[in-house]
Participant: 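Next up is a structure, given as C-alpha cells.
Remember, it's a predicted structure, so these values are computed and weren't measured experimentally.
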Amino acid sequence: MLRDFVSFPLHLIVHPFDGFWDLKYEKRGKMKVALSIIFLTFLAIVVQKQFAGFLVNFNDPRQLNNLNELVYLVFPFFLWCIANWSVTTLLEGEGKFSEIVMASSYALVPMVLIYFPMTLFSRFMAQDETAFYYLLNSIAAIWFVLLLFVGIMTVHQYTASKTIVTMILSVIVMVIIVFLGALVFSMIQQIYEFIMNIYRELIFRT
C-alpha cells in the first residue's frame, strides 16, 4: 500500500519514462492513487490560497469558496482526459481512458510536493525572498507539464511531435466542448423560459 501511494509516484516523477512505462505495461498505476493525488492537489491549492503569507497571497479568505476551487480543478482535469481520449482514439492512440486519467493525475505530484511546504515557508518570508516562492511554484507547473507530456507520449506510444500535436488538439477540443456545452445550456434555458411563458399565459387566460 505504501509503495503504491508513495514509492511509485516519487519514482515516476524523477524517472518519468520508466515510471509511465511501468504504469501502463506493468500495471503499477492505481486509480485509487490517481484520485488521491487529485484530492491532494485540490487540498494543496486551497491551503495555498487560504494560508499563504500576505506577501504572496492576494486572495481574500472570506471570499474563497472551496467548492468552487474543487470544480475549477476537477472539471478541467476530466475535461482534458475526455478531450485527449477523443482525439487519440481518432489518431490511433493506444491509451485507454483510465490510463489517461492515471497518467495525468500522477503528473500532478510535483505540485503536491512543492505547494504544501512553500505555503508554510511563505508565512515566514521577507519581501526579498518572495522570488524564491514564485520560482518554485513555476518549477512545479513546468515539471507537471513535462510529466504530462511524457505520460501522454508513453501511454499512447506516440512520437514527441505527434504528442505535441495531440495535446494541442486536445486543448482545442476542450474549448469546443465548453462552447457546445454552454450553447446547449443556453438553448435549454430558452426552451424552459418559452414553456413557462406559455404556461403562465394559459393560467392567466383561464
Participant: With distance as the sole test, does Ser138 use its side chain to make a donor-acceptor pair with the main-chain N or O of Tyr134 at under 3.5 Å?
Facilitator: yes

Participant: Rounded to the nearest 0.5 Å, how far does CD of Gln190 lie from CD of Glu193?
Facilitator: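 With rounding to 0.5 Å, CD (Glu193) is 7.0 Å from CD (Gln190).
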
Participant: Take Met118 and Met125 through the side chain to side chain contact (heavy atoms under 4.5 Å, CB included) test and state the conclusion after the steps.
Facilitator: CA-CA 10 Å; Met118 289 313 300; Met125 284 180 174; 3.4 Å; yes

Participant: Testing the basics here: between Ala83 and Met174, what is the closest heavy-atom pair and its distance to 0.1 Å?
Facilitator: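 In this case the closest contact between Ala83 and Met174 is CB-CG, 3.6 Å.
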
Participant: Is Ile164 reachable from Val171 through a run of hydrophobic residues whose side-chain heavy atoms are each under 4.5 Å from the next?
Facilitator: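 In one cluster with Val171: Ile164, yes.
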
Participant: Can you give me the closest heavy-atom contact between Ile13 and Pro110, atom names plus distance?
Facilitator: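 That would be CG2-CD, 4.0 Å.
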
Participant: A side-chain contact here means heavy atoms from C-beta on lying under 4.5 Å apart; do Tyr115 and Val47 qualify?
Facilitator: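 No, their side chains stay 4.5 Å or more apart.
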
Participant: Determine the sole option in Thr89, Ile82, Leu90, Thr88 for which the side chain to side chain contact (heavy atoms under 4.5 Å, CB included) test with Ser86 is passed.
Facilitator: Ile82

Participant: Please determine whether side chain to side chain contact (heavy atoms under 4.5 Å, CB included) holds for the pair Met167 and Trp80, giving the CA-CA distance in whole Å, both sets of side-chain angles, and the decisive distance to 0.1 Å.
Facilitator: CA-CA 9 Å; Met167 291 180 74; Trp80 157 262; 3.9 Å; yes

Participant: Are Phe20 and Tyr106, when compared by the centres of their aromatic rings, separated by less than 6.0 Å?
Facilitator: no

Participant: Heavy atoms only: give me the nearest Pro117-Val112 pair and the separation to one decimal.
Facilitator: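 Minimum heavy-atom contact is CD-O, 4.5 Å.
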
Participant: Would you give the length of the straight line joining atom CE of Met102 to atom CG of Leu23, rounded to the nearest 0.5 angstrom?
Facilitator: 5.0 Å

Participant: Return the CG to OG distance between Leu148 and Ser170, rounded to the nearest 0.5 Å.
Facilitator: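 Here the rounded value is 9.0 Å.
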
Participant: Are Ile168 and Phe77 connected in a single hydrophobic cluster, I mean Ile/Leu/Val/Met/Phe/Trp/Tyr linked by side-chain heavy atoms less than 4.5 Å apart?
Facilitator: yes

Participant: Out of curiosity, Thr163 OG1 to Ile152 CD1, how far, rounded to the nearest 0.5 Å?
Facilitator: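 Reported to 0.5 Å precision, the distance equals 8.0 Å.
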
Participant: How about CE on Met196, more than 12 heavy atoms from neighbouring residues, nucleotides or ligands closer than 6.0 Å, or not?
Facilitator: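 More than 12 heavy atoms, drawn from other residues, nucleotides or ligands, come within 6.0 Å of this atom.
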
Participant: Does Phe78 share a hydrophobic cluster with Val184, counting links as ILVMFWY side-chain heavy atoms below 4.5 Å and allowing steps through other members?
Facilitator: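 As far as the 4.5 Å side-chain criterion goes, Val184 and Phe78 are not connected within one cluster.
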
Participant: Should Leu91 and Tyr158 count as side-chain neighbours, where that means a heavy-atom distance under 4.5 Å?
Facilitator: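 Leu91 vs Tyr158: side chains touch.
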
Participant: Is there a path of hydrophobic side-chain contacts, each under 4.5 Å between heavy atoms of I, L, V, M, F, W or Y residues, that connects Phe132 with Phe58?
Facilitator: yes

Participant: Are Val33 and Phe8 close enough that some pair of their side-chain heavy atoms sits under 4.5 Å apart?
Facilitator: no

Participant: Under the criterion side chain to side chain contact (heavy atoms under 4.5 Å, CB included), I'd like the reasoning laid out for Ile45 against Lys49: C-alpha separation, chi angles, the key distance, then a yes or no.
Facilitator: CA-CA 6 Å; Ile45 292 172; Lys49 290 188 175 183; 4.1 Å; yes

Participant: Which atoms form the tightest heavy-atom contact between Ser105 and Ile37, and what is the distance?
Facilitator: O-CG2, 3.1 Å

Participant: Would you indicate whether the side-chain heavy atoms of Phe42 and Val74 approach each other to under 4.5 Å?
Facilitator: no

Participant: How about Leu10 and Leu113: do any of their side-chain heavy atoms sit closer than 4.5 Å?
Facilitator: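 Heavy-atom side-chain distance check passes, below 4.5 Å.
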
Participant: At their closest point, which heavy atom of Thr154 faces which heavy atom of Gln157, and how far apart are they?
Facilitator: O-NE2, 2.9 Å

Participant: Shared ILVMFWY cluster between Leu146 and Val14, side chains joined below 4.5 angstrom?
Facilitator: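 No, because Leu146 and Val14 fall into different hydrophobic clusters, even though each may have its own neighbours under 4.5 Å.
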
Participant: Quickly, which of His156, Glu99, Glu94 forms a side chain to side chain donor-acceptor pair (under 3.5 Å) with Lys24? Name it, please.
Facilitator: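 In the set His156, Glu99, Glu94, the residue that makes a side chain to side chain donor-acceptor pair (under 3.5 Å) with Lys24 is Glu99.
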
Participant: When rounded to the nearest 0.5 angstrom, what is the spacing between CG in Leu73 and OG1 in Thr41?
Facilitator: 6.5 Å

Participant: With a 3.5 Å distance limit and no angle check, can you tell me whether Ser104 reaches the backbone of Val101 through a side-chain donor-acceptor pair?
Facilitator: no

Participant: Do the non-hydrogen side-chain atoms of Phe17 and Met153 ever get within less than 4.5 Å of each other?
Facilitator: yes

Participant: For the residue pair Phe116 and Leu43, establish whether any side-chain heavy-atom pair is separated by less than 4.5 Å.
Facilitator: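 The answer is yes; the side chains approach within 4.5 Å.
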
Participant: How many angstroms lie between OG1 in Thr119 and CD1 in Ile114, if you round to the nearest 0.5 Å?
Facilitator: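 The distance works out to 11.5 Å.
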
Participant: Please find the pair of heavy atoms, one from Ala52 and one from Tyr133, that lie closest to each other, and give the distance.
Facilitator: CB-OH, 4.1 Å

Participant: For residues Met111 and Leu40, determine if any side-chain heavy atom of one lies less than 4.5 Å from a side-chain heavy atom of the other.
Facilitator: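 Contact flag for Met111/Leu40 side chains = no.
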
Participant: Take atom OH in Tyr25; do more than 12 heavy atoms of anything else shown fall under 6.0 Å from it?
Facilitator: yes

